[in-house]
Each structure stands twice: as structure tokens, then as C-alpha cells.
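The next block holds one structure in the form of C-alpha cells; read it before the comments.
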There are 2 protein chains.
Amino acid sequence: MSRSPHILVVDDDREIRDLVARFLTKHGYRVDTAADGRAMMQALGQGRFDLVVLDLMLPGEDGLSLCRRLRADSTLPVIMLTAIGEETDRIIGLEMGADDYLAKPFNPRELLARIKAVLRRAGAAPGHGEPAANEVFRFDGWRLDPARRELRSPDDVLVPLTGGEFDLLAAFARHPKRVLSREQLLDLTRGRAAVPFDRSIDVQLSRLRRKIEADPREPAMIKTVRGGGYIFTRDVERR
Amino acid sequence: MSRSPHILVVDDDREIRDLVARFLTKHGYRVDTAADGRAMMQALGQGRFDLVVLDLMLPGEDGLSLCRRLRADSTLPVIMLTAIGEETDRIIGLEMGADDYLAKPFNPRELLARIKAVLRRAGAAPGHGEPAANEVFRFDGWRLDPARRELRSPDDVLVPLTGGEFDLLAAFARHPKRVLSREQLLDLTRGRAAVPFDRSIDVQLSRLRRKIEADPREPAMIKTVRGGGYIFTRDVERR
DNA sequence: GGATTTTTGTAACGCAATGTTGCGGCGGCC
DNA sequence: GGCCGCCGCAACATTGCGTTACAAAAATCC
């Protein structure tokens, strides 16, 4: 995502479409619009998008159905717009695979906030279509391959990590040399918020250190920042 | 399906019948209704329908029985409506030949979404997945040929897979390096929705691993993503 | 068309991964 | 130096998954 994120706004109401498009453009996004499902599919076929803002009620095939179709073969993030008063829509929308939802009428700022949150969560995970991230991370001779979900040590030995440990390390590799709070790490690895006295990250990290630190008593790769979180100290080469 | 799809709603509760009929009509479907199995059979004899929405509890012959009769000599898609609670879940799991189901009370929008999803699946080519040209998949020396429904190992030995195992592997080959949820896999391989505690994908996958993984205890080709689904870790060359 | 074989789905059990809790230690602050 | 709060980690609880055994359904064979 070297250029600014590309967003597709799908709504049959021209006024809303234009309003949202202008607003998002003003905030630095590239925006295209579509009035219905057919136009949406056409747009998706032509360009690469990072996110779709999708109205629930559309002429022809409706938003839920479209959302399901998108999910069938891509991970393109979707934010659903729903008419007000239908609480259950939230459940349905999320069930159908939307990443977030917003009730109409909405404050454009709130839409912006959710777009940012969803894009951040989607993280480096790229746009539309099949070839999902073929990236590999290297640091200090270590090799982390997200697609294979494998970690190899400098002497090229496969280090057995559990899924959670792997996700945690991957989150650090994607954000090296930055302090990451427990909140952020939870969001990045589990996609969830912290509950009051949540220590799960601490424990998971402890387990991870045991497997990758030369001396887990004196961690060098992932250091603790008291009161702040943790920081990955190595240079990461991304390819 | 050049004209709008034609739907038959079968429910003994007049209120629900009318509500659903009005809602679907408003969304562009042609709708007829029937209050019981006899009326349903009569309606089916008179017109062409694209889908039946069928209540489980009916006076006289019940929905399950009717559903089986329909299945006996047609592929007409069926969505079952079930009253929540009772033993219905069990019955659904055991006997449903329906394409999808929905628990009452339901949100009409959700019914609409499911109708669209089922119609889409029914409309797609009968052999699930993709239309499938003469494509062949290669990964790690393996060769998967959807047209012949054959899998050959790196040493060119024909590996006997059952139909279901083959479909599952083909689904992965078409979506490599992406986490696929059990829901998605069911949709891709069986074209159906999951029932409450559906573990069929797990079992099928276990059987598949036994045949294609060097060490099924430590799967490398298809890995588990706890809480997420499964991921095919190999590069796939498609030709 | 019925019997046999093969495939698929369901249930149950055990294990491994993850989350939670609590204690002890260490560091920072006054 | 003593107190307080944050963090590491062991121990326990919970959850999700792999696997097996069995049952139902489908395919195959006479």
C-alpha cells in the first residue's frame, strides 16, 4: 500500500455516494463509487481496492448477498451501511462477513474512524484477489514466512511455534522498532479488544520468548517497555 | 432465469406467509404461497418455481418429509424454516436435504440474503467451485487435475482420493495461502451451509491429510489456524 | 433391484493451545 | 530504603481440534 488506500463506495443514493466520496477524498483516500452490485463487481474487476463501503439496501442484489460473494474468494475488507433501527442487522452483517458496520444516518467522521480501524486491522494484508501476500520477513538470520506459517532459525531449523505465538511474532515483524501496547497487539493478533485485567499477551509473549530468545531471562529480540508494551528491536528485511 | 425468480412460500401461519410474500414481492420476486403440503404439491404442479421456502412444522405431512419428496425427483432449492428450540437442530443435522435453513423468528432481510445465496449457488454450474476449464494445478511436484479428478504425487503415482477429499483439496488449490474458514470450505465443496456443531470438514480434512501429508501428525501442506480455519501453504501453479 | 462395498457424516474422547489467576520479584519514585 | 505497581511465569481452567469408532447414505456390482 504505497499509495493512499483505494476505497469503493457502493450506495444507490447518489447524494450519500457523492458526500462520502468527497469526504474521503478530502481526507486523502482514492475513491470510486458504484450505484449497485453490478457496478461494484465491474469496478472491482477493473481496479485494485483496499476496502469497500457497502450499503445494505440496494436495487437488485443486496448488500448482504454481495458481501457474501466477496467473502467467497477474497479478504477485501467490507464496511456495511445499514438503515437505522435495525439492531439485528449488525449481527447479520457481521455473520455475513462484514468487518464493521455503521447505521445511517452516520457522521462522516465516524465512517472515517472505522475505515481507519479496519484498514489498520487488515494491516499489510493486501487488496483484492488471490495472490495473498507472498512476503517473507528476515531478521538476524531468522526467516518468518506468513503464508507457510513457518519460522526458521539462523541455522535453518524449523522452530515449532503455535498459531498464537506465530501471529504475535508476525505482528512484531510487521512493526519493528516500535513500541506496541498490549491493546495494539491484541488487536493485531486476535482482532479483539482487551478485557479489564487482560494478561494474555504477557503470557503468550513469555511462551514465545522461551522459543526464540537465546536467554529468555534477558530478552534481546523483544524487549519489555515498562508501562508501554513491547518492542521488537531487530532490523527487519521484508521481501 | 430471465424473469425474476419465482418463489413458493409454504407455511401454515397466514401471518408469516403474507409477511414473507409481501417482503419478497417488494424485493422483486414473484411469489406464491401454500398453507400445507398438499397445496404445495398442487402449486408445484401448476407453475415453474426457482426455490421453495418451507416451514418445518406443517399440518399433515411435515416439512422434512416434503423436502425429501422434493429431493427425490428434483434439485429445486429448498430453504427450511424451523421453530427454534425443540429437537429441531438434531433433526436438521440428521435429515435435512435442504440447501439452507433459518430459525424462527427470523429477520426478513436474512431470509432474503439466504435466498439470494442459494439462488446464486443453484445458478452456478452444477459442478461446484468454478466453471473449470482444462486447468491443472501443480504444487511441490504434486499434480491435481480437476477434469480427470486425479491427483498424482511427486513420484507420479496416482493417489486415490474420494470425491469429497478431492473437492476439498481442489478448493485449497484454488485459494492457496489464504485462511479458509469451515463455512467457506463447506460452501466451496458441498455448496451448503453449516449446521450447528458441524465438524464434517475437520474429519474430511483429517482423512485427506492422511493421504497427502508426509507426516500427518505434523501437517505441512494444509495447516490449521486455530479459531480461523485452515490454510494451504504451498505455491500453486495453475495452467 | 437388491446386496455389498465405499464414502460421508456424527458423536465422543483426549490432547494441545490458549486464556486466567495468583504469587513473587523487580524497578521506579518519593 | 520502602512502597506501589507492573511484569514474568507457573499452575490451573477452558476451548478448539484431531482422531477414532460407528452409523447412515451413496455408489457399485451382480
Side-chain angles (χ1 to χ4, degrees), chain A residues 149 159-169 179-183 185-186 189-213 215-231, chain B residues 64 67-68 71-72 75 87 89-98 128 149 159-169 179-183 185-186 189-213 215-231:
Chain A
R149 297 187 68 78
V159 180
L161 295 184
T162 69
E165 289 157 5
F166 187 92
D167 290 338
L168 192 55
L169 183 56
V179 177
L180 296 174
S181 69
R182 291 169 176 71
E183 268 293 343
L185 289 168
L186 259 180
T189 59
R190 303 297 117 97
R192 68 172 174 87
V195 294
F197 296 84
D198 203 316
R199 303 283 309 279
S200 53
I201 288 294
D202 302 51
V203 177
Q204 191 97 30
L205 188 66
S206 167
R207 288 167 180 149
L208 175 60
R209 276 173 171 163
R210 214 177 298 160
K211 295 185 181 175
I212 66 171
E213 292 283 1
D215 176 10
R217 306 275 152 180
E218 203 56 51
M221 199 126 60
I222 301 174
K223 291 194 171 161
T224 304
V225 178
R226 190 183 170 87
Y230 301 93
I231 184 168
Chain B
L64 279 180
C67 183
R68 272 198 303 270
R71 273 288 174 287
T75 59
E87 80 243 270
D89 283 352
R90 177 174 302 271
I91 295 174
I92 290 165
L94 290 175
E95 307 204 29
M96 196 180 65
H128 297 296
R149 296 187 69 76
V159 179
L161 295 183
T162 69
E165 288 158 5
F166 188 92
D167 289 339
L168 192 55
L169 183 55
V179 177
L180 297 175
S181 69
R182 290 170 176 71
E183 267 292 345
L185 289 168
L186 261 179
T189 60
R190 304 295 118 98
R192 68 170 175 85
V195 294
F197 295 84
D198 204 316
R199 302 281 311 279
S200 53
I201 289 293
D202 302 51
V203 176
Q204 192 102 50
L205 187 62
S206 170
R207 288 168 180 148
L208 176 58
R209 276 174 171 162
R210 214 178 300 158
K211 295 185 181 176
I212 66 172
E213 292 281 2
D215 176 9
R217 307 272 151 182
E218 203 60 49
M221 200 125 64
I222 301 174
K223 289 193 174 167
T224 304
V225 178
R226 188 186 169 94
Y230 300 93
I231 184 170

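Every chain is numbered from 1, with letters handed out A, B, ... down the list of sequences.
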For A:R217, which contact category applies under a 4.0 Å heavy-atom criterion: base, sugar-phosphate, or nothing?
-> nothing
Would you say D:dG18 has OP1 or OP2 under 4.0 Å from some side-chain N or O of B:S206?
-> no
Report yes if some heavy atom in the side chain of B:K211 is under 4.5 Å from a heavy atom in the side chain of B:T162; otherwise report no.
-> yes
Any donor-acceptor pair under 3.5 Å joining the side chain of B:R199 to the base of D:dG16?
-> no
Starting from P on C:dG9, measure out to CD on B:E165 and report it in whole angstrom.
-> 11 Å
No-hydrogen, no-angle side-chain donor-acceptor test under 3.5 Å, A:T224 and A:R209 | yes
Gap separating the OG atom of B:S200 from the CG atom of B:L185, nearest 0.5 angstrom = 10.0 Å
d(CD, B:E213; P, D:dT19) in whole Å = 10 Å
In whole Å, what is the span from the NZ atom of B:K211 to the P atom of D:dT19?
-> 14 Å
Keeping the roles fixed (side chain from A:E213, backbone from A:R210), state whether a donor-acceptor pair exists under 3.5 Å.
-> no
B:D198 atom CG is separated from C:dG9 atom P, nearest whole Å, by 8 Å
Side-chain N or O of B:T162 closer than 4.0 Å to phosphate OP1/OP2 of C:dT6 | no
Over how many whole Å does the gap from B:L208 atom CG to C:dT8 atom P extend?
-> 11 Å
Contact under 4.0 Å: B:S200 side-chain N or O vs C:dT8 OP1/OP2 | no
Has A:Y230 got a side-chain N or O lying under 4.0 Å from the OP1 or OP2 atom of D:dC6?
-> no
C:dC26 phosphate, OP1 or OP2: any side-chain N/O from A:R226 under 4.0 angstrom?
-> no
Looking at C:dG19, does its base get a donor-acceptor pair with the side chain of A:R207 below 3.5 Å?
-> yes
Just how far, in rounded Å, is C1' of D:dG16 from CG of B:D202?
-> 9 Å
Is the phosphate of D:dC17, meaning OP1 or OP2, less than 4.0 Å from a side-chain N or O of B:R182?
-> yes
Give a yes/no on whether any side-chain N or O of B:T224 is located under 4.0 angstrom from OP1 or OP2 of D:dG18.
-> yes
Report the distance from atom CD of B:Q204 to atom C1' of D:dG18, rounded to the nearest whole Å.
-> 14 Å
Side-chain donor-acceptor pair present, B:Q204, B:R190, cut-off under 3.5 Å | yes
Any N/O donor-acceptor pair, A:R190 side-chain to C:dG19 base, under 3.5 Å | no
C:dT7 P sits how many Å from B:R210 CZ, rounded?
-> 13 Å
Closest of D:dT20, D:dG18, C:dA17 to the B:R209 side chain is D:dG18
